[in-house]
Amino acid sequence: MLRYLFLLLILYWSCTSSRHNLPDAVVGEVGSNGMIVTANPVASEVGARILQQGGNAWDAAVAVQFALAVVYPVAGNIGGGGFAVYRSADGTSGSLDFREKASVHAGRDMYLDQDGNIIDRLSLEGHLAAGVPGVVDGMVRLHERFGSLPWEELLAPSVEIANSGYVLTEQDAHNYNRAQQLFKKFNSPDMLFIKEEGWEKGDTLFQPDLAATMSRIRDRGRAGFYDGETAEFIIDEMQRGNGMISQEDLDRYEAQWRDPVKGNYRGHGIISMPPPSSGGIALVQLLKSAEAFPIGKWGLNTVSTVHVLTEIEKRVYADRATFLGDPDHYDVPQEMLISDDYLAQRMADIDPKRTTPSQEIKEGKVDIIESVETTHFSVVDKDQNAVSITTTLNSYFGCKVIVSGAGFFLNNEMDDFSVKAGVPNQFGLLGSEANEIQPEKRMLSSMTPTIVEKDGELLMVVGSPGGSTIITSVFQTIMNVVDHDMGMQQAVNAKRIHHQWLPDRLIIEDQALSAKVLEELEHKGYEISSRGAIGRVDAVLVLPDGSLEGGADPRGDDRAIGF
Ligand code: DON
């Protein structure tokens, strides 16, 4: 019966929609022997050089992760965490979770006052906001298992650039300038990034402390970060600002290999990140639910497409808030959430004529979404090994604390926990018991590094920053290729929309929807607000002739390099 109703619904829509014009076809960087796409031109060059020296996709990914920590400190990092999804040339796939963890000393109510109220910004700014960093352990493990070049060679470019300096882009200068007040609040006055007269495009930034830290990691691997001098710097910094991370926390940190989430979308295999990211499960839920609708026929950003995506997204984000958390601490009903029967039932009450008020889906109360940073990069080597990594400090420059003497920023990932049940985090995301703080637990993420297959072969490597909008940015990029027949650069350029259940508001990029579409949606009861940019997708597509097209997001300084 449910399925019958569903079919009628789709028939109704098919008759009421017309095809929308797609944006101009543009072709990105094309190469046959490798492709790397990152948020920063210097980091892309570092990765490309490693591939050209004969390194594989994992070598390049490790080198890029460290390079981003030097040239893109707003989000690139060694003081944060992330996730890697990979697919080897032989078709095997896997994922590595190097997400931060709560300290052994953390507790559920650590950000609440005596009356149980949240202490303003404590989980977002300053030392107590930092989780135990996972990046260095993650890179060591990736390299141990898959690397082909010596570890030292992968660190060498980062040490060199930190020492000899790099030239700021306009975006870099803007990022450094907008954080000045917070840098001053949480760091000593001689902190490297503080500059009274302001940063300008073309300034050179030298980072000797970071170069020394990178050298220790180059020479001692894991111990160069979690032990010895770097660890002492971290612990001294924690003591200076009442932070929690201890030597015990650093000793106990271990990245985890996890089975990726797998699903299908119109004959394409989807490989994505499992919990503690919500990204993979939510993405598969979205794609499987969208499969029932003729998205390609309806066209990009038409009323029918926007309406059905919005309704699906509301239901998926409501599930995220309720059921998802760290699988090592909470029993996530993964199989049920992505099963066909569950999703058919979950989507069966979508009404083509009106938008379902989010309060009818599930109750909650939310706040505004803050503008923040994370970063994603995609790598494919000459054998078509593919690595998809999203990494973050959470907010831009994390908790704004630089580890004095060691030269790197610490994350503020603790805010990704549900700090108090029913109270949203900075992205307006709600959580429940599944994502409450516990010692050594990983906070729930939305990061969605993903790989798409077609006919059992590699098709696409994709991911994005953007907090709660990461999942929907990846979702739309995949649909742009599969349903709207776009190439990679065109799919990345296309305007995006986003709904996350609560707040009950459709967010659109400027000019994503025509005046007529906006009018029709408002007539259906939509509240709509626009934003300059949603997500920043860096992706690679395997073209029919086997060559690779990079899609570097024009919303930033992103660069694709192929050869
Ligand atoms: O893990 C998460 O979902 C967030 N900490 C990601 C933050 C983010 O994407 C900020 N970006 N623009």
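Numbering of ligands and ligand atoms starts at 1, following listing order. Count residues from 1 along the sequence. Atoms considered below: every heavy atom in the structure, side chains included; atoms not considered: hydrogens, waters and symmetry mates. Just so we're clear, the structure is a prediction, and the values are computed from it rather than from any experiment.
Between Trp199 and Tyr176, the angle of the ring planes goes over 60°, which puts this pair in the perpendicular group of the 30/60° scheme. Ring geometry for Trp257 versus Phe146: interplanar angle over 60°, hence perpendicular rather than tilted (30 to 60°).
Among Ser446, Ser277, Gly279, the residue whose heavy atom sits closest to atom 3 (O) of ligand 1 is Ser446. Closest heavy-atom approach to atom 6 (C) of ligand 1 within the set Thr374, Val74, Asn412: this belongs to Thr374. Around atom 5 (N) of ligand 1, the closest heavy atom drawn from Leu429, Asp416, Leu444 belongs to Asp416.
The shell of residues lying under 4.0 angstrom from ligand 1, judged by heavy atoms, includes Phe427. Using 4.0 Å as the threshold, Met443 has no heavy atom nearer than that to any atom of ligand 1.
Side-chain polar atoms of Ser395 and Gln426 form a donor-acceptor pair below 3.5 angstrom. Side chains of Lys262 and Ser93: a donor-acceptor N/O pair is present below 3.5 angstrom, by distance only.
The proximity of Glu413 to ligand 1, defined as any non-hydrogen pair under 4.0 Å, is limited to the side chain. Contacts between Arg99 and ligand 1, counted as non-hydrogen atom pairs separated by less than 4.0 Å, involve the side chain only.
With ligand atoms numbered from 1 in the order given, ligand 1 contributes 9 (O) to contacts under 4.0 Å with heavy atoms of Ile470. Counting atoms of ligand 1 from 1 in the listed order, those under 4.0 Å from a heavy atom of Met447 are 1 (O), 3 (O). Close approach of ligand 1 to Asn394 (heavy-atom distance below 4.0 Å) involves ligand atoms 4 (C), 5 (N), 7 (C), 10 (C).
Note on Arg496 versus Asp553: salt bridge recorded, some NZ/NE/NH1/NH2 to OD/OE distance being below 4.0 Å. Between Arg99 and Glu413, at least one side-chain nitrogen of the basic residue sits less than 4.0 Å from a carboxylate oxygen of the acidic one, meeting the salt-bridge criterion.
Polar contact check, Pro465 against ligand 1: no nitrogen or oxygen pair lies under 3.5 Å apart.
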Item to complete: Mind running salt bridge (charged side-chain N to carboxylate O under 4.0 Å, His left out) on Arg121 and Asp415 for me, showing each step along the way?
Response: CA-CA 9 Å; Arg121 305 206 67 82; Asp415 190 64; over 6 Å; no
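Closest approach of Ile534 and Thr469 over heavy atoms only: CG2-CB, 3.7 Å.
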